[in-house]
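Here the structure is laid out as structure tokens; the discussion comes afterwards.
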Amino acid sequence: MVQIGRKRTTGWRATIAVAMSNYIEAGSIIAIATSLTLWQERFGLDDLAVGLLASLSANAFGAAAGAAIGGPLCDRYGRKFIYTYDLLLYMLGVLLAVFAVSYGMLLTAFVLTGIAVGAGVTASWTYIAEEAPPHQRAAHVGTAQLAWSIGPMIGYLLAVVVAPLGLLGSRLIFAHLFLVAAVTWWVRRGLPESRIWTSRRDSGQDRVSFLSSLRGLFSTKANLTALAFLFGVYALWNTVAGQTGIFQPRVYDAAGITSVTEQYLLQVLVWGCTSAATYLGFMLLADRVSRRWLYCSGAALGIAAWAVLIYAPPSTATMLVFAIGWGVSAGVGAQAFYGLWTSELFATRYRASAQGVLFLSARVLVGLLSIWFPVLLTQIGLRGLGVLILGLLGAALLIGTIWTPHTRGKSLQQIEQERYGTTTGQHEAVAP
């Protein structure tokens, strides 16, 4: 792989290079999801131990810790600081998973991988949005969501291919993530720093510290309202999506699909639809059409898909309706809009810290439910969990639809001026 040169790399090449981290980050969640049952058998684990593995991984608390640390560091030292070093920690984590010989070693691997994922996501979405042209910001941010979708699709395909190898096959999936991460890290070494962050640093303003960045985030009305809005959009939706990412094969089993191969192929269909909808729906349309109705349509489709899975009689048609509906809804849904709106609604000095706090909140909710999700699924079944699932998705739909921000087509500096009264490169006053 040819290293990108020292001169400033802008546009799609930089976007794709940074977005690639989303492929391996989402891929690690699927590698865990497809291997949990095998690890459970190998180490003789009960459902609570499995839930702990899931909750401390890249899907929940591990990513939450990484986001809490990585966000403020990203605002303090720059976006490049994080996306240069986070993959080194990621590679260590997946390498431990490849050679795990005990529950403790596996748990350590999942925690390290999760921390790297949390830190990397905050930096990548922030960097991509800051480098994107205003009229193509959704298209560029959507590239990260596209990579996030392709990772699980390929992960589940690989799980089908290596299924005859048992646990060895799962170790090989983790090994493939290590190799992709190594190549991605090498390519990203030559990328420049974000121009917006660099402009603020070079303007003579004092550099924010780790703690002052967090204090400022929570002391400004514009920040607090944006945090509340995005928590409702992303954290509530992600509490459901986080369970599907790690436990969906078990959900299919509870719904009557017991063949592992069929479960994985359904997930290939889900993520294939997500990838297609991300490109055709979000990337091509979110810069051109009403974001309110695009978001509402995706969120409503997701609720309908889950209602079918929970309450309709188990059948091939039921599973296909769910897989296509949930996949398409995720492509134009909360995570894509979260990545876009979080970058738009916060000033440069708070942008990555806000990403970290919100990602932390979302993953903590996922982690809390993940600890008990396998147990609840066994004890009360999918219908018993249905009220919680549909309630969370419904709340996210209403919050995102009612309070959709009017930011389409505006530069980040223009949005910052409207919300804070100042822009990067000027003296930043606390908004009234």
Side-chain angles (χ1 to χ4, degrees), residues 11 15 19 71 75 79 121-122 124-146 194-197 199-200 217 220-235 237 278 281-299 331-359 362 396-426 428-429 431-432:
T15 294
D75 283 333
R79 291 42 171 139
V121 165
T122 58
S124 64
W125 283 340
T126 299
Y127 179 87
I128 290 172
E130 290 180 344
E131 289 290 285
H135 64 286
Q136 288 186 317
R137 191 160 50 244
H140 281 256
V141 172
T143 305
Q145 176 68 14
L146 181 63
S194 159
R195 284 171 293 182
I196 291 179
W197 184 87
S199 174
R200 186 183 187 284
L217 182 64
T220 306
K221 182 179 178 181
N223 290 340
L224 292 174
T225 55
L227 286 171
F229 166 71
L230 289 164
F231 179 87
V233 167
Y234 184 62
W237 174 87
T278 298
F282 188 81
M283 293 176 66
L284 295 186
L285 297 180
D287 288 310
R288 303 177 183 179
V289 304
S290 168
R291 290 177 177 176
R292 184 189 307 277
W293 293 111
L294 186 61
Y295 172 86
C296 181
S297 300
V332 292
Q335 180 159 292
F337 277 102
Y338 159 78
L340 177 64
W341 287 335
T342 306
S343 298
E344 291 179 336
L345 296 181
F346 295 96
T348 302
R349 67 182 302 179
Y350 307 123
R351 189 167 290 127
S353 296
Q355 287 268 18
V357 168
L358 288 163
F359 204 75
L397 181 152
L398 291 175
I399 293 169
T401 301
I402 294 172
W403 289 288
T404 301
H406 302 287
T407 52
R408 179 165 59 92
K410 300 177 181 179
S411 69
L412 294 180
Q413 291 89 340
Q414 181 182 354
I415 298 169
E416 187 173 331
Q417 177 71 43
E418 292 175 356
R419 290 179 54 77
Y420 295 85
T422 57
T423 59
T424 297
Q426 301 175 359
E428 290 188 310

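Index from 1, following the sequence. These figures come from a predicted structure and were not determined experimentally.
- The shortest heavy-atom contact between Gly400 and Val233 is CA-CG2, 3.6 Å.
- Going from atom NZ of Lys221 over to atom CZ of Arg419 covers 11.0 Å, rounded to the nearest 0.5 Å.
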Could you go through the side-chain contact (heavy atoms from CB on, under 4.5 Å) check for Arg351 and Arg79 one step at a time?
CA-CA 11 Å; Arg351 189 167 290 127; Arg79 291 42 171 139; 4.0 Å; yes
Which is it for Leu217 and Arg349 under the side-chain contact (heavy atoms from CB on, under 4.5 Å) test, yes or no, and what are the steps along the way?
CA-CA 9 Å; Leu217 182 64; Arg349 67 182 302 179; over 6 Å; no
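- Nearest approach of Arg292 to Ile402, heavy atoms of both residues: NH1-O, 3.2 Å.
- The distance from atom OG1 of Thr342 to atom CG of Leu230, rounded to the nearest 0.5 Å, is 4.5 Å.
- To the nearest 0.5 Å, the span separating OG1 on Thr348 from OH on Tyr420 amounts to 9.5 Å.
- Side chain of Thr225 to main chain of Ala222: a donor-acceptor pair is present (N/O by atom type, distance under 3.5 Å, no hydrogens or angles).
- Minimum heavy-atom separation, Asp75 to Trp197: O-NE1, 3.0 Å.
- Of all heavy-atom pairs spanning Met283 and Ala139, the tightest one is CE-O, 3.3 Å.
- A side-chain hydrogen bond (donor to acceptor under 3.5 Å, both in side chains) with Lys410 is found for one member of Glu416, Gln417, Glu418 and no other, namely Glu418.
- Across Leu358 and Leu227, no two heavy atoms sit closer than the pair CD2-O, 3.6 Å.
- Interatomic distance, CG of Leu340 versus CD of Gln335, reported as 12.5 Å (0.5 Å rounding).
- A salt bridge does not link Arg195 to Glu130: none of the charged nitrogens lies less than 4.0 Å from a carboxylate oxygen.
- Side-chain atoms of Ser343 come within 3.5 Å of backbone N or O of Gly339 as a donor-acceptor pair.
- In this structure, the separation between OG1 on Thr143 and CD on Gln136 is 9.5 Å, given to the nearest 0.5 Å.
- Among Tyr338, Trp341, Tyr234, the single residue meeting the ring-ring contact (aromatic ring centres under 6.0 Å, His included) criterion with Phe229 is Trp341.
- Side-chain polar atoms of Thr407 and Arg291 form a donor-acceptor pair below 3.5 angstrom.
- A heavy-atom distance below 4.5 Å is not found between the side chains of Glu131 and Ile196.
- Taken from CG in Asn223 to CZ in Phe346, the straight-line distance is 5.5 Å, to the nearest 0.5 Å.
- When all heavy atoms are compared, the tightest approach of Ala286 to Arg408 is O-CD, 3.4 Å.
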Verdict with reasoning, His135 to Asp287, per side-chain contact (heavy atoms from CB on, under 4.5 Å):
CA-CA 6 Å; His135 64 286; Asp287 288 310; over 6 Å; no
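- Using cut-offs of 30° and 60° on the angle between ring planes, the pair Phe337 and Tyr295 is perpendicular.
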Where do Arg137 and Glu344 land on the side-chain contact (heavy atoms from CB on, under 4.5 Å) test, with the steps shown first?
CA-CA 9 Å; Arg137 191 160 50 244; Glu344 291 179 336; 3.0 Å; yes
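- Between Thr220 and Tyr350 the shortest side-chain heavy-atom distance falls below 4.5 Å.
- With contacts defined as side-chain heavy-atom distances shorter than 4.5 Å, the pair Val332/Ser297 does not qualify.
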